[in-house]
Amino acid sequence: MTRLTGSALRLTVFVGENDTWHHRPLYSEIVHRAHAAGLAGASVFRGVEGFGASSRIHTLRLLSLSEDLPVAVVIVDSEERVRAFLPQLDELVTEGLVILDDCEVIRYVGRGDKQDEADAKGKKSL
């Protein structure tokens, strides 16, 4: 597992829920490529309403139900690793928005790591 603390770079990709790459959801392709690239993690968030460059509003409200809601794929890792991943997005994202933000990782612990941390500190586990 990747260890990540301190300064990092957050990559956010905004696309439509119905955007695809070779008949697969685009957001899923981005997540799987990030995983294959060994990035620290990726999450997909579905928006309830939004608009982009087309200025068309997509919403979850019943009277104007949209089938193409906005989604955001968020990836956080070291600047070097995130920037190395950007060429893959050039290939994948033909419509959408890609942004980078500096961020600071305070805590990054997986489910199995909690026990590892306790053992490393000399605590006994049951």
Identify, with sequence neighbours excluded, every residue that meets side chain to side chain contact (heavy atoms under 4.5 Å, CB included) alongside L97.
F14, I99
Derivation of the side chain to side chain contact (heavy atoms under 4.5 Å, CB included) call for I75 and I30
CA-CA 10 Å; I75 299 169; I30 294 169; 4.3 Å; yes
Tell me, please, which residues at least two apart from H32 pass side chain to side chain donor-acceptor pair (under 3.5 Å).
R24, S28
Once you round to the nearest 0.5 Å, how far does CG of L92 lie from CH2 of W21?
5.5 Å
Working note: L100 + L86, criterion side chain to side chain contact (heavy atoms under 4.5 Å, CB included); need CA distance, chi angles, decisive distance, verdict.
CA-CA 10 Å; L100 294 172; L86 291 178; 4.1 Å; yes
Using the test side chain to side chain contact (heavy atoms under 4.5 Å, CB included), find all partners of V31 that sit at least two apart in sequence or belong to another chain.
A42, V44, V73
Just verifying a value: how many Å separate L69 CG and F45 CZ, rounded to the nearest 0.5 Å?
15.5 Å
How long is the straight-line distance from CZ of R81 back to CG of L9, given to the nearest 0.5 Å?
13.0 Å
Between V74 and R10, is the side chain to side chain contact (heavy atoms under 4.5 Å, CB included) condition met? List the steps.
CA-CA 7 Å; V74 179; R10 176 177 50 204; 3.8 Å; yes
Separation between OG1 of T20 and CD of E29, rounded to the nearest 0.5 Å
10.5 Å
I'd like to know whether CG of D90 has more than 12 heavy-atom contacts from other residues, nucleotides or ligands below 6.0 angstrom.
yes
Could you walk me through whether L11 and F85 pass side chain to side chain contact (heavy atoms under 4.5 Å, CB included), step by step?
CA-CA 10 Å; L11 165 67; F85 184 68; 4.0 Å; yes
Inter-residue atom distance S7.OG - E104.CD, 0.5 Å rounding
6.0 Å
dist D77:CG -> R83:CZ (nearest 0.5 Å) comes out at 13.0 Å
Which is it for R33 and E91 under the salt bridge (Lys or Arg N to Asp or Glu O under 4.0 Å) test, yes or no, and what are the steps along the way?
CA-CA 12 Å; R33 286 196 186 196; E91 176 187 4; 3.0 Å; yes
